[in-house]
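Data first, discussion second: the structure below is written as structure tokens.
Treat the numbers as computed from the prediction; the structure is a model and nothing was measured.
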Amino acid sequence: MEKNLLFCVDSAFQFIIATNLKMTLYKDEKADIIIYNSFKSAKQIYNNLNNKTVYENVYLADTVLCRTGKTWSIIKKLPKYILYLRSLVKPKVVVDEILQTNFDKKYDIFFFNGAGALPEAIFNTCKNNNPRMQVFRIEDGVSSGMYEYGKEKGKFRVFLERFTQKMFQNYCIEDAVKGYYLSNTEISVIRPKYKLIKSPQISRDNDELREFLNQAFDYTADKIDEKIIFFESGAAYFENNNEEVDLVEQLCNVFEPKDILIKMHPRRKGNRYQNLGVHVSEVSSVPWEIIQLNNNMNGKIFVSIGSGALFSSDIFFGDDCYKVFLYECMKHKLKTSDKLLGNYIKKYLSITKDRKVFIPESYKKLKEVLKSLL
């Protein structure tokens, strides 16, 4: 019997994973998707999904509940807190307001990623429509295997939500999860109370998937000719650390600048490397995974202070790449802990025996590593 699926996504990567699941494991089922307006390309994707080939119904959750992070002040977040409290009492009323429809369709399977008032409200609405609905989590990049969902909630919030769930007979999404779709379950260092399920690999041979995702992101495939790809660090951006320029200069001392591509962090403005002669990617709005989907990365050298993107070609596409992490060799180390990444790399190496991972401890060691790769 044909099933009805609902995917809820709050990042471009989750949208890619959801679409891959729908077009592989669940290709014979009907599916709707709710896109949270909490990331840069959300409206773009929503506007581009104007056909019914993959998703029957596409919803944009444009709501104050998507106001997360330090970019929003307490005053601007105040309407969010009010709506959050309303969602604990009357989740369906809130969901109907957000999606501007009577959201009463019965779904057999519900997919989501992380904690939050919005997925909780949508889940409760769907669960009331079909108490037998199954619930699964989907990943949000390599970091999903590094830390466990739900740990970020404060004790008071957990108490408040549990109290209101009992008071108003609502469900807890965390208690309903049956499994977690991850691209590499063997490497994951988390051990949740539900089972880890291996996701199907994203295949470049799936022309239908590639064309659909390219259309969703308005991406015209570009060939990546550079051998070295340097990924800017989000932690360096938030700590206002500018050492990445010096690190790229170290790359230029060994490799030709024309062989180096800089993948800027989405929040970065302006080219900091213009005096070095390297190529800076001009498609920062396009997820790196979409670029990878259109380019075989075998033999490429990925370099970053500590971006999980260095693993993505190997894990999500089965490519064979060199990975150079720079967090140990920095002269001005970041305050952000690299413990989670370090634990993940240790687990990754113990499982894969990958000899193409390098963590130099100084600029001198970095130069030696680069020369060996040259």
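Under a cut-off of 6.0 angstrom, the local environment of CD in Glu2 is crowded, with over 12 non-hydrogen atoms contributed by other residues, nucleotides or ligands. Enclosure of atom NZ in Lys105 by more than 12 non-hydrogen atoms of other residues, nucleotides or ligands within 6.0 angstrom is indicated. Counting heavy-atom neighbours within 6.0 Å of Lys106 NZ, excluding the residue itself, gives a total of 12 or less. Heavy-atom neighbours of Lys43 NZ from other residues, nucleotides or ligands within 6.0 Å: at or below the threshold of 12.
For the pair Ile109 and Gln134, the minimum side-chain heavy-atom distance is below 4.5 Å. Contact check for Leu213 versus Phe15: side-chain heavy atoms found under the 4.5 Å cut-off. When side chains are defined from C-beta on, Phe110 counts as touching Ile122, because their heavy atoms get closer than 4.5 Å. You'll find the side chain of Ile345 reaches within 4.5 Å of the side chain of Phe311, heavy atoms only. Residues Lys22 and Ile33 are not in side-chain contact: their nearest non-hydrogen atoms beyond the backbone lie 4.5 Å or more apart. A 4.5 Å side-chain heavy-atom check between Cys66 and Asp10 finds every atom pair outside the cut-off.
Residues Glu208 and Lys27 are not paired through a salt bridge, judged by the lack of any N-O separation under 4.0 Å between the basic side chain and the carboxylate. Using a cutoff of 4.0 Å between basic side-chain nitrogens and carboxylate oxygens, Lys193 and Asp175 are scored as salt-bridged. A salt bridge between Asp246 and Lys331 is absent, with no side-chain N of the basic residue lying under 4.0 Å from a carboxylate O of the acidic one. By the 4.0 Å N-to-carboxylate-O rule, Asp319 lies too far from Lys300 to be salt-bridged with it. Under the 4.0 Å criterion applied to side-chain N and carboxylate O atoms, Lys365 and Glu328 are not assigned as salt-bridge partners.
Between the side chains of Asn48 and Gln44, not a single donor N or O lies within less than 3.5 Å of an accepting N or O. In summary, the side chains of Tyr273 and Glu232 do present a donor paired with an acceptor at a separation below 3.5 Å, with no hydrogens or angles considered. Defined by atom type and a distance below 3.5 Å, a donor-acceptor pair is present between the side-chain atoms of Asp32 and Tyr107. With hydrogens and angles left out, the side-chain atoms of Lys90 and Asn124 include no donor and acceptor closer than 3.5 Å. In this structure, a donor-acceptor pair under 3.5 Å is present between the side chains of Ser183 and Glu139. There is a side-chain donor-acceptor pair under 3.5 Å between Thr19 and Tyr55.
Both Leu209 and Leu25 belong to a single network of hydrophobic side chains, linked directly or stepwise wherever heavy atoms of I, L, V, M, F, W or Y lie under 4.5 Å apart. No single ILVMFWY cluster, assembled from side-chain heavy atoms under 4.5 Å apart, contains both Val95 and Val93. Both Leu251 and Leu374 belong to a common hydrophobic cluster when Ile, Leu, Val, Met, Phe, Trp and Tyr are linked at side-chain heavy-atom distances under 4.5 angstrom. Side-chain heavy atoms closer than 4.5 Å link hydrophobic residues (I, L, V, M, F, W, Y) into clusters, and following such links, possibly through other members, connects Leu366 to Val245.
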query: Which is it for Ile224 and Met297 under the side chain to side chain contact (heavy atoms under 4.5 Å, CB included) test, yes or no, and what are the steps along the way?
result: CA-CA 8 Å; Ile224 304 296; Met297 297 291 177; 4.1 Å; yes
query: Going through the distances and angles, do Lys30 and Asn4 end up as a side chain to side chain contact (heavy atoms under 4.5 Å, CB included)?
result: CA-CA 5 Å; Lys30 292 182 178 180; Asn4 288 318; 3.6 Å; yes
task: Step by step, work out the side chain to side chain contact (heavy atoms under 4.5 Å, CB included) result for Leu326 and Phe230.
output: CA-CA 11 Å; Leu326 307 176; Phe230 182 89; 3.8 Å; yes
field: Step-by-step side chain to side chain donor-acceptor pair (under 3.5 Å) determination, Lys92 to Asn102
entry: CA-CA 9 Å; Lys92 186 181 187 308; Asn102 180 20; 2.7 Å; yes
task: Start with the C-alpha gap between Ile17 and Asn113, add the side-chain angles, then the distance that decides, and say whether side chain to side chain contact (heavy atoms under 4.5 Å, CB included) holds.
output: CA-CA 11 Å; Ile17 292 296; Asn113 170 256; over 6 Å; no
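Between atom CG of residue Asn294 and atom OH of residue Tyr219 there is a gap of 5.5 Å, rounded to the nearest 0.5 Å. Rounding to the nearest 0.5 angstrom, the gap separating the CD1 atom in Ile35 from the OG atom in Ser11 is 11.0 Å. For the atom pair Lys367 NZ and Gln250 CD, the distance stands at 7.5 Å (nearest 0.5 Å). Atom OG1 of Thr125 is separated from atom CG of Asn130 by 13.0 Å, given to the nearest 0.5 angstrom. Rounding to the nearest 0.5 angstrom, the gap separating the CD atom in Glu289 from the OG atom in Ser313 is 9.0 Å. To the nearest 0.5 Å, the span separating CD on Glu368 from CG on Leu370 amounts to 10.0 Å.
Across all non-hydrogen atoms, the minimal contact from Lys127 to Pro131 is NZ-O, 2.8 Å. Looking at every heavy atom in both residues, Phe123 comes nearest to Ala176 through CZ-CB, 3.6 Å. For the pair Asp314 and Leu310, the tightest heavy-atom approach, listed with the atom from each and the gap, is OD1-O, 4.1 Å. Of all non-hydrogen atoms in Ala61 and Leu118, the two that sit nearest each other are CB-CD2, 3.9 Å.
Of the possible donor and acceptor atoms, one in the side chain of Asn298 sits under 3.5 Å from a partner among the backbone N and O of Asp320. Counting only distance, with no hydrogens or angles, the side chain of Arg204 and the backbone of Gln292 share a donor-acceptor pair below 3.5 Å. With hydrogens and angles ignored, the 3.5 Å screen pairs no side-chain donor or acceptor of Asp104 with any backbone N or O of Asn129. Between the side chain of Asn241 and the main chain of His332, a donor-acceptor pair closer than 3.5 Å is present. No donor-acceptor pair closer than 3.5 Å links the side chain of Ser188 to the backbone N or O of Thr185.
The ring of Tyr59 has its center closer than 6.0 angstrom to the ring center of Phe103.
In this structure, Met1 stands alone, with no Ile, Leu, Val, Met, Phe, Trp or Tyr side-chain heavy atom under 4.5 Å from its own, directly or through other members. Residue Tyr237 shares its hydrophobic cluster (ILVMFWY side chains chained together at separations under 4.5 Å) with Phe238.
Evaluated for a ring-ring contact (aromatic ring centres under 6.0 Å, His included) with Phe13, the options Trp288, Phe316, Phe217 yield exactly one hit, Phe316. Under the ring-ring contact (aromatic ring centres under 6.0 Å, His included) test applied with Tyr181, the options Phe136, Phe112, Tyr194 reduce to a single match, Phe136.
Judged by the 6.0 Å and 45° rule, Lys356 forms a cation-pi pair with Tyr322.
Classification of the Tyr344-Tyr348 ring pair by plane angle, with boundaries at 30° and 60°, yields parallel.
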